[in-house]
*Asks:* 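One structure, as structure tokens, below. Some questions next.
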Amino acid sequence: MRKLLLIYTGGTIGMITNAQTGALESFDFAHLYAHIPELKRFELDIQVKSFEQPLDSSEVSPQHWQQIASWITDAYDQFDGFVILHGTDTMAYTASALSFMLQGLRKPIVFTGSQLPIGIIRTDGKENLITAIEIAAACDAQGEPIVQEVAVYFEYALFRGNRSSKVSAHQFEAFAAPNYPLLAKAGVQIEWYKERLFRTNLPALQPQLQLSNEVLIWRLFPGMPIALYAKALQFPQVKILILETFGAGNAFSTIEFQSVIQGYIAAGGLVLNITQCQSGAVRQGAYQTSTFFEQIGVVSGADLTAEAALTKSMFALANIEAAHRGHFLKSAIVGELTTLEKG
Ligand code: ASP
């Protein structure tokens, strides 16, 4: 019998309404379990671990990512797969972070949650959880797990975790991965797109749980008060600056902006360029408004999501030597970006 570890961190799926305030609040796993009697019908050995205090995922921090990653590391040999119940708001961040922290993965880690609590009749939580469990338990004829990476399952679709983003606060289709096609689609049967699944080259799981939050993100906007933002770069703690630029990686070419970025790089800072667009990639040098970045050594983040860019930067600061970080950020490590041929 296949063995799964279900980790309950919180999120809407297990919330109930506070009678006084009318706001949704996190509740314990027993409440959730009582609403899904189907869990007992699986021919699977499902063990449960729960955060002592289940959280709305807006409260989830890198310490919680480390907690989840260390539970998985400790249980890795005893289980065939892992399902993480998590709030949708920051699910893409946690899934992205785990993909970098747990390289060498050969078992599935499937994140899911819901837009409506499990106690509501129209909940999407039941289907999401039940199918996420099926996906985490799925294996080929040799008994090898079909999914061997961190994934997000939501509303009949399986996404690569570090390609996913929350795109809707109210639709059941809350997630998308605009730069990478679905890994699987759940209909009457689960339709797998096996050629899209990630496979590691590493010989074994390599847990690296350290992270550093010495990162800033600037989402560029017309009229941005550069002098105000530049003040933050004076702190020595800012080791990576992520620029969310326009279109294919473009920015205004004012002297003020360019000298701030150039000065920061000259002082040893690393700048990573990602696009504000939901889909597509940075192509530095494609327009005159991005040639400056190419000339001064800004790292192109290609088609990284903001969530993957941030967590990859946090991971790089704690685990990759300073001299190699630029190369690491622009390389595809766990299927998080598409490397583009030049020309
Ligand atoms: N605020 C909730 C959370 O992220 C939303 C959800 O789970 O859908 O925990």
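Remember, it's 1-based here, ligands and their atoms both numbered in the order they're listed.
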*Asks:* Is any NZ, NE, NH1 or NH2 atom of the basic residue among R163 and E336 found under 4.0 Å from an Asp or Glu carboxylate oxygen of the other?
*Replies:* no
*Asks:* For a quick check under 3.5 Å, do Y76 and Q78 share a side-chain donor-acceptor pair by atom type?
*Replies:* no
*Asks:* Of V83, L85, L39, L6, which is the lone residue that meets side chain to side chain contact (heavy atoms under 4.5 Å, CB included) with V48?
*Replies:* L6
*Asks:* Salt bridge or not for D140 and K194, using N-O below 4.0 Å?
*Replies:* no
*Asks:* Assess whether a salt bridge exists between D89 and K166, defined as any Lys/Arg side-chain N lying under 4.0 Å from an Asp/Glu carboxylate O.
*Replies:* yes
*Asks:* Will you find, in the side chains of E134 and Y153, an N or O donor that is under 3.5 Å from an N or O acceptor?
*Replies:* no
*Asks:* List, pair by pair, the atoms of ligand 1 and of the protein that are both N or O and lie under 3.5 Å apart, giving the separation rounded to 0.1 Å.
*Replies:*
| unit_1 | atom_1 | unit_2 | atom_2 | d |
| --- | --- | --- | --- | --- |
| ligand 1 | 1 (N) | D56 | OD1 | 3.2 |
| ligand 1 | 1 (N) | D56 | OD2 | 2.9 |
| ligand 1 | 1 (N) | D89 | OD2 | 2.8 |
| ligand 1 | 4 (O) | S57 | OG | 2.5 |
| ligand 1 | 4 (O) | T88 | N | 3.3 |
| ligand 1 | 4 (O) | D89 | N | 2.9 |
| ligand 1 | 4 (O) | D89 | OD2 | 3.4 |
| ligand 1 | 7 (O) | T12 | N | 2.9 |
| ligand 1 | 7 (O) | T12 | OG1 | 3.0 |
| ligand 1 | 7 (O) | T88 | N | 3.0 |
| ligand 1 | 8 (O) | T12 | OG1 | 3.1 |
| ligand 1 | 8 (O) | T88 | OG1 | 2.5 |
| ligand 1 | 8 (O) | S114 | O | 3.0 |
| ligand 1 | 9 (O) | D56 | OD1 | 3.4 |
| ligand 1 | 9 (O) | S57 | N | 2.7 |

